[in-house]
Structures are given as C-alpha cells and as structure tokens.
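A short worksheet on the structure shown next.
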Amino acid sequence: MLLKYIRRLKYYILRTLRMQNSDHRIALGFAVGFFPCWYPTFGIDLLLAPLLARLIRGNIPSAFLAATAGSVLWPILFYLNYRVGVLVHLFTTFPKTFEIEDALTVPVPETDYIIETDHFGRLGHMGVNFLVGALINSVLSTLILYILLRIMLSVYRKPLLQKIKQSIRKGKSKIIR
C-alpha cells in the first residue's frame with residue numbers, strides 16, 4: 001500500500017516536471033499552495049491552494065501538491081506557529097520596572113475570580129501568539145519556497161526528470177519479473 005502511494009507521488013512529481021510551464025509558474029504555484037497550510041483551515045486548504053494559484057497565475061497541480069504535503073504536516077506547522085508567536089511576544093514586550101515601594105503600598109486584592117480570569121487571559125494570548133506566528137511563517141515560507149524551488153527547477157529539472165523516469169522503469173521491471 002505504501003509503495004502505491006510512493007509510486008503515485010513520483011508520478012505527480014514527474015508530471016509536474018514535464019509540464020511546459022516556466023520554472024517561475026511552477027515554483028509560484030507550489031509556494032502559494034503551501035501558504036494556506038499554516039492556518040487552521042482543516043481541509044479547505046486543498047480547495048484554497050488551487051484558487052490562490054489561479055488568482056496569481058501559478059501552476060495549479062503544483063499548488064495542489066503543496067497543499068497535500070501541508071495537510072500532512074499540519075501538526076508541525078501549528079506548533080511552529082505557536083513557538084514563533086511566543087518568540088515574537090517575548091521580543092516585543094518588556095517587563096515593567098519593579099520598585100519595592102510600589103509593592104509595599106499596593107493593597108492585596110481579593111481573590112474571588114482572579115485565577116479563572118487569568119486563565120482565560122492566557123488562552124487569549126495563546127491565540128494571538130498563534131496568529132502572529134502563522135502570519136510570519138506563511139509569508140516567510142512562501143518567499144523561501146519560491147526562491148528555493150525556482151533555483152532547484154532551473155538547475156535540476158532535467159536531471160531530476162531523468163532520475164525519476166529511471167526509478168519508475170526499475171519499478172516496472174521489478175513488477176514484470
């Protein structure tokens with residue numbers, strides 16, 4: 001079963017590499033296709049990726065391939081969103097200055113619902129951290145993926161195409177025997 005999926009993945013990569021589209025369009029489609037995977041769309045990213053690719057004239061099959069990869073990687077992506085958001089929060093907030101006189105003169109508050117309020121306040125910060133991390137990660141990953149794929153396709157497109165063709169032929173010869 002796993003071999004079936006690996007073979008199908010090779011087929012779609014081979015099909016993408018054979019396309020007559022420019023390296024720019026293929027790289028743009030892949031980068032934009034991965035963009036919605038950073039957000040909690042839960043399956044809608046497979047629909048959004050081709051629409052975004054069509055909107056900016058990127059390659060639609062490569063956008064769908066990126067969205068498929070992103071839908072598998074979503075737990076890692078969401079964790080990275082939160083960690084980057086926390087990191088940004090730590091670098092952008094500064095602790096208040098502490099004076100001992102202020103601590104002695106402030107009366108002790110009553111403890112009615114402070115614990116629950118503080119808990120829900122932390123949940124709000126968690127959502128803000130996630131959103132900030134998602135914004136940063138999605139923009140950076142789109143730029144980095146586009147640049148890397150554009151370079152890789154312009155340099156390695158023909159050798160990759162030949163290598164995948166050979167591996168498919170070897171796979172067919174193993175099945176025939």
Which residues, ordered by chain and number, are linked to Leu2 in its hydrophobic cluster, where ILVMFWY side chains connect at heavy-atom gaps below 4.5 Å, directly or through other members?
-> Ile6
Cluster link Ile26 to Leu160, ILVMFWY, side chain under 4.5 Å | yes
Got a second to check how far Gln162's CD is from Lys158's NZ, nearest 0.5 Å?
-> 9.0 Å
Which residues share a side-chain hydrogen bond (donor to acceptor under 3.5 Å, both in side chains) with Thr68, sequence neighbours left out = none
Between CG on residue Leu28 and CG on residue Asn59, distance to nearest 0.5 Å | 9.5 Å
Nearest heavy atoms of Ala66 and Gly33, plus distance in Å | CB-C, 3.9 Å
Please tabulate, for side-chain N and O atoms in residues 45-58, each donor-acceptor pair with protein atoms closer than 3.5 Å (sequence neighbours left out).
none

Run through the side-chain heavy atoms of Ile, Leu, Val, Met, Phe, Trp and Tyr, join any pair under 4.5 Å, and report what else lands in Tyr79's cluster.
-> none
So if you build clusters from Ile, Leu, Val, Met, Phe, Trp, Tyr with side-chain heavy-atom gaps below 4.5 Å, do Val72 and Phe30 land together?
-> no
Once you round to the nearest 0.5 Å, how far does CZ of Arg18 lie from CZ of Arg15?
-> 10.5 Å
Is it the case that one hydrophobic cluster holds both Ile144 and Ile76, taking links as side-chain heavy atoms less than 4.5 Å apart, direct or via other members?
-> no
Review item, side-chain donor-acceptor pairs of residues 149-157, under 3.5 Å, at least two apart:
from, atom 1, to, atom 2, distance (Å)
Arg150, NH1, Tyr146, OH, 2.7
Ser154, OG, Arg150, O, 3.1
Ser154, OG, Ile151, O, 2.9
Arg157, NE, Leu17, O, 3.0
Arg157, NH1, Asn21, O, 3.3
Arg157, NH1, Asp23, OD1, 2.8
Arg157, NH2, Leu17, O, 3.2
Arg157, NH2, Met19, O, 2.5

Which heavy atom in Pro36 sits nearest to a heavy atom in Thr41, and how many Å separate them?
-> O-OG1, 3.9 Å
Can you give me every donor-acceptor pair (side chain of residues 80-91, partner residue at least two apart or in another chain, under 3.5 Å) with its distance?
from, atom 1, to, atom 2, distance (Å)
Asn81, OD1, Asn137, ND2, 2.9
Asn81, ND2, Trp38, O, 2.6

Non-neighbouring partners of Leu143 that pass side-chain contact (heavy atoms from CB on, under 4.5 Å), sequence neighbours left out = Val139
Contact summary for Ser138 and Ser141, nearest pair of heavy atoms | O-OG, 3.2 Å
Ring pair (Phe, Tyr, Trp, His ring centres under 6.0 Å) partners of Tyr39, counting only residues at least two apart = Phe35
Apply the test side chain to side chain contact (heavy atoms under 4.5 Å, CB included) to residues Leu77 and Phe34: give CA-CA distance (whole Å), side-chain angles for both, the deciding distance (0.1 Å), then the verdict.
-> CA-CA 11 Å; Leu77 300 178; Phe34 200 73; 3.9 Å; yes
